[in-house]
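Side-chain atoms are counted along with the backbone in the values below, which use heavy atoms only and exclude waters and symmetry mates. Just follow the structure's listing: the first ligand is 1, and inside any ligand the first atom is 1.
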Amino acid sequence: MELSNRMIRSASHEGLADDRGRPTTEQFDFYEGFIRGGIGLIITGYAGIMQSGKSALYHMTMIDSDELIPSHRALVNRIHQIGGKIVLQIAHCGRQTWSKETGEPLMAPSRIPCGFYRETPKEMSEADIRIVIEGFAEAARRAKQAGYDGVQIHGAHGYLLFSFLSRHSNKRMDRWGGSLDNRFRIVGEILKAVREMVGKDYPVLIKLNTYERAPLGMKPEECVQITSMVEETDCCDGIELSCGTNEGGFVMTRGKFPTSAIFNYMRPYCNYHPIIKLLLKAFVVPFVKVVQPSFAEGYNLETAAKVKQAVSLPVITVGGMRSKAVMESAIESGKTDFISMARPLILEPDLANKFKTGASEKALCDNCNECVVATDTRPIQCYKKELLH
Ligand SMILES: Cc1cc2nc3c(=O)[nH]c(=O)nc-3n(C[C@H](O)[C@H](O)[C@H](O)COP(=O)(O)O)c2cc1C
């Protein structure tokens, strides 16, 4: 895959699909803005590979049935017509969703609820694991048939595949748990099944975490080992590095703690009685805020540099990429091959063009994090449009 530049739109759940998970005209318009704005590649928000893996967030895109291919194809055609490139991110949400949204029991390596969703998942049987492996391969086939330029397997952020990789959520004693080789097994098998399905020339990427904040959670050293294991499968063409999980708080998206947005838009908090909200704001939020990591530009770059030493696959780094100087230096110094962004592009889809013409040296996004929490109950948008003026 040849890109026009090294700036990528990182997957960001849009909440713009219809009730069945088909991409809509609004979604097409939204994506078109990134291409017209000069970005080298769009990675879509996550698309569900099967109903049991459906997100609890507002209106997830789905890719779990052949009947959805024509809607995806229409989207891809529109991006290709204007010279853009687009990769579909495929995901299973695992224990980071609710069964009332999936209509099926939650799937996870072990019966440990996610600290945010608080619903006990089913410990997956051998048959469940096989179904998920096939589900990823089938989703990749559909993506290829729809014309996407590649797929990205979501192995980050606490979703199903990450929950297998992490000792915090995977307590299995069989061949899918325990040693790192065993915890990696499902990811390796999915990469192989996807590769077999789409052929050797079709781009297959994976998104992984540099770390998670949790007891026994993934550490940077383990991330580096995992990226080597990905490379050894010989079934992957690129690795994107992010961090954090839902129960870990604002680790993935560092910046401000969006108190008001949480109580306005995010379940279950937005449904609480006003008095409970007041009490929580007064007595609980101040403590929660203290443990949130602070924002620093390019917060996954340090681990990315170590990954670059360990593998020869192209590395994409996301997380706090804001100024042109930091991005250029990260690429020139060999810490990463590409940079990707989520929050900044919601406000400025034309950031790449602005960098190119010199109209901007730094993204205007102030990391308020309202966009992240609001996608629980409404479509994606920036809540700080005034920053543009
Ligand atoms: C609104 C929103 C939705 C997101 N949805 C996804 C997603 O669907 N898949 C994914 O891998 N990451 C998702 N992310 C995480 C981003 O891809 C990225 O890893 C993270 O926001 C850090 O990058 P940033 O500092 O450029 O925002 C989302 C982030 C935001 C802000």
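Among all protein heavy atoms, the one lying closest to atom 2 (C) of ligand 1 is S12 CB, 4.0 Å. Protein heavy atom in closest approach to atom 31 (C) of ligand 1: R343 CG, 3.4 Å. Here the heavy atom of the protein found nearest to atom 23 (O) of ligand 1 is V318 CG2, 3.4 Å. From the protein, the heavy atom lying nearest to atom 26 (O) of ligand 1 is A342 N, 2.8 Å. Taking atom 17 (O) of ligand 1 as the reference point, the nearest protein heavy-atom neighbour is A11 O, 2.6 Å. At the shortest separation from atom 21 (O) of ligand 1 among protein heavy atoms lies T253 CG2, 3.3 Å. The shortest contact between atom 19 (O) of ligand 1 and any protein heavy atom is with S242 OG, 3.1 Å.
None of E123, E119, E247 except one satisfies the salt bridge (charged side-chain N to carboxylate O under 4.0 Å, His left out) rule with R95; the exception is E247. The only option from E348, E240, E14 that meets the salt bridge (charged side-chain N to carboxylate O under 4.0 Å, His left out) definition with R9 turns out to be E14.
Within the cation-pi definition used here (under 6.0 Å to the ring centroid, within 45° of the axis), K144 qualifies as a partner of Y202.
Counting atoms of ligand 1 from 1 in the listed order, those under 4.0 Å from a heavy atom of H157 are 10 (C), 11 (O), 12 (N), 15 (C), 19 (O). Atoms of ligand 1 found under 4.0 Å from any heavy atom of Y299, numbered from 1 in the order shown, are 22 (C), 25 (O). Every atom of ligand 1 is numbered from 1 in the order shown, and the set under 4.0 Å from a heavy atom of S10 is 17 (O).
The number of heavy-atom neighbours closer than 6.0 Å to CD1 of I275, taken from other residues, nucleotides and ligands shown, is 12 or below. Counting non-hydrogen atoms of neighbouring residues, nucleotides and ligands closer than 6.0 angstrom, the NZ atom of K200 reaches no more than 12 such neighbours.
Using 4.0 Å as the threshold, Q89 has a heavy atom nearer than that to some atom of ligand 1. At least one heavy atom of R322 lies less than 4.0 angstrom from ligand 1. The closest approach between P344 and ligand 1 falls below 4.0 Å for a heavy atom of the residue.
Ring geometry for F30 versus F34: interplanar angle over 60°, hence perpendicular rather than tilted (30 to 60°). Aromatic ring orientation, F263 versus Y269: perpendicular (interplanar angle above 60°, classes split at 30° and 60°).
Counting heavy atoms from C-beta outward, E212 and F162 have side chains that approach closer than 4.5 Å.
Here F295 has no heavy atoms under 4.0 Å from ligand 1, in either its backbone or its side chain. The part of H154 lying near ligand 1 is the side chain, judged by heavy-atom distances below 4.0 Å.
Using modelled atom types, one finds a donor on one side chain and an acceptor on the other under 3.5 Å when comparing K207 with S10.
Remark: among candidates K207, H13, M252, the nearest residue to atom 29 (C) of ligand 1 is M252, based on non-hydrogen atoms.
Formation of a donor-acceptor pair under 3.5 Å by the T303 side chain with backbone atoms of N300 is not found in this model.
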